[in-house]
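Atoms within each ligand, like the ligands themselves, are counted from 1 in listed order. What you see below is based on every heavy atom in this structure, not just the backbone, and it leaves out hydrogens, waters and symmetry mates. We're numbering straight along the sequence, starting at 1.
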Amino acid sequence: MLIRPPSDIPSSAITPREIYDDRRRFLKAAGFGIVSGAAIAGGLRPAMADAAPQRQKIGPYTKTRFGAEEKLTSYDDVTSYNNFYEFGTSKTEPAMEAHTLVTRPWMVSIEGEVKRRKQISIEDLYKLAPLEERIYRMRCVEGWSMVIPWVGFPLAELIKWAEPTGNARFVEFISLADQTMMPGTRSQILDWPYTEGLRMDEATNPLALMAVGLYGEVLPNQNGAPLRLVTPWKYGFKGIKSIVKLRFTDKMPVSSWMKANPAEYGFYANVNPEVDHPRWSQATERRIGTGLFSKRVKTLMFNGYAEQVAQLYAGMDLRKYF
Ligand SMILES: Nc1nc2c(c(=O)[nH]1)N[C@H]1C(S)=C(S)[C@@H](COP(=O)(O)O)O[C@H]1N2
Ligand SMILES: [Mo]
């Protein structure tokens, strides 16, 4: 993913969505019926298909004004083309491997510069605020994008509940790093646990969502169950998955990707077609699911959410604060 430019990834490690979909269609036509993505990508191991977790409806939730006009990326693409290094560095591994993640019981620890330094259960988090659907365009730093109907609640509601002190200027987010449930954490590809951060005004922006579901269903493990961050104006790596801790601080947190490669991954990670990644252009993107030879589309400033977030960065040199 972020370690290598897309062109350096051996073709053996890639299953382009379009080829995958063709295989799926072929398998259906051949009478295999509904076969899970895991089974296909793993070479049709029936045991894996059996282990595929049950899909579970989420609700109730409301639809809001946060809906993109664009065509949604298919459920299959959203849930089988993932980045989740705790389950491997390829796009297909998370869907195959993340069934080992146990998401109940699940506690989230609230720490640092807040009045409520507490553990809160995922059940209580669901009760903090009404769930909403938000259709967001998502842009990975690698150059691909999706349109995903998330279900969640504003991060601002969780922050309000936590009651930050006057010293809280940033929020640090920390993922689970369990070597038994997450095979990827047994190798040092990143400095585990995966961590991310937001400035407080970014975190309380109405766009920042704590997602617990997608497509009207409970978040699949590979998408970061049971709780993940979604900040659609930033590159995908800000959207930290399977969160177990929020720490409020007065200092800018150092995220896992900043630690791994500070020249390539900055704290802000705002989508910006004018600031290239040192190893590739960020001017255009490939919308997943639109065909292998479909034209790349122009990437928009702040991923098209400038109206909502540009004021957060007024006066900042976005080449320096990338
Ligand atoms: N804990 C954790 N969170 C993570 C990642 C990861 O490897 N580990 N990958 C990030 C990256 S690079 C992207 S693009 C998005 C992908 O989210 P999706 O698979 O739900 O589309 O998750 C982000 N959150
Ligand atoms: Mo990404």
Notebook entry, point to check: In terms of atom number and element, which parts of ligand 1 are under 4.0 angstrom from non-hydrogen atoms of Asn83?
Noted result: 5 (C), 9 (N), 11 (C), 12 (S), 13 (C), 14 (S), 16 (C), 19 (O), 22 (O)
Check: Can you list the residues that meet the salt bridge (Lys or Arg N to Asp or Glu O under 4.0 Å) rule with Glu202, with sequence neighbours excluded?
Finding: Lys234
Next item on the list: Return the set of residues passing ring pair (Phe, Tyr, Trp, His ring centres under 6.0 Å) with Tyr61 (not counting sequence neighbours), or none when no residue passes.
Entry: none
Check: Are any non-hydrogen side-chain atoms of Ser242 and Glu86 less than 4.5 angstrom apart?
Finding: no
Next item on the list: Return yes or no for this condition: an N or O of Asn223 is under 3.5 Å from an N or O of ligand 1.
Entry: yes
Notebook entry, point to check: Taking only heavy atoms of Cys140, which atoms of ligand 1 are found under 4.0 Å from at least one of them?
Noted result: 14 (S)
Note to self: Under 6.0 Å between ring centres: does that hold for Phe237 and Tyr265?
What the structure shows: yes
Notebook entry, point to check: If you measure from each heavy atom of Arg228 to ligand 1, is any distance below 4.0 Å?
Noted result: yes
Margin query: Which label fits His277 and Trp280: parallel for a plane angle under 30°, tilted from 30 to 60°, or perpendicular past 60°?
Written below: parallel
Note to self: Apply ring pair (Phe, Tyr, Trp, His ring centres under 6.0 Å) to residues Tyr85 and Tyr194 and explain how you reach the verdict.
What the structure shows: CA-CA 9 Å; Tyr85 274 25; Tyr194 193 102; 8.1 Å; no
Item checked: The one among Ala211, Gly236, Ala177 that brings a heavy atom closest to atom 23 (C) of ligand 1 -> Gly236
Next item on the list: Measure from atom 22 (O) of ligand 1 to every heavy atom in Lys91, Met138, Lys238, Lys241 and give the option owning the shortest one.
Entry: Lys241
Checklist line | From the candidates Tyr194, Phe84, Tyr85, the one that places a heavy atom nearest atom 4 (C) of ligand 1 | finding: Tyr194
Check: If you measure from each heavy atom of Gly239 to ligand 1, is any distance below 4.0 Å?
Finding: yes
Item checked: Short N-O contact, Glu123 and Arg104, less than 4.0 angstrom -> yes
Note to self: For ligand 1 and Ser175, I'd like to know whether there is a polar contact (N/O to N/O, distance under 3.5 Å).
What the structure shows: yes
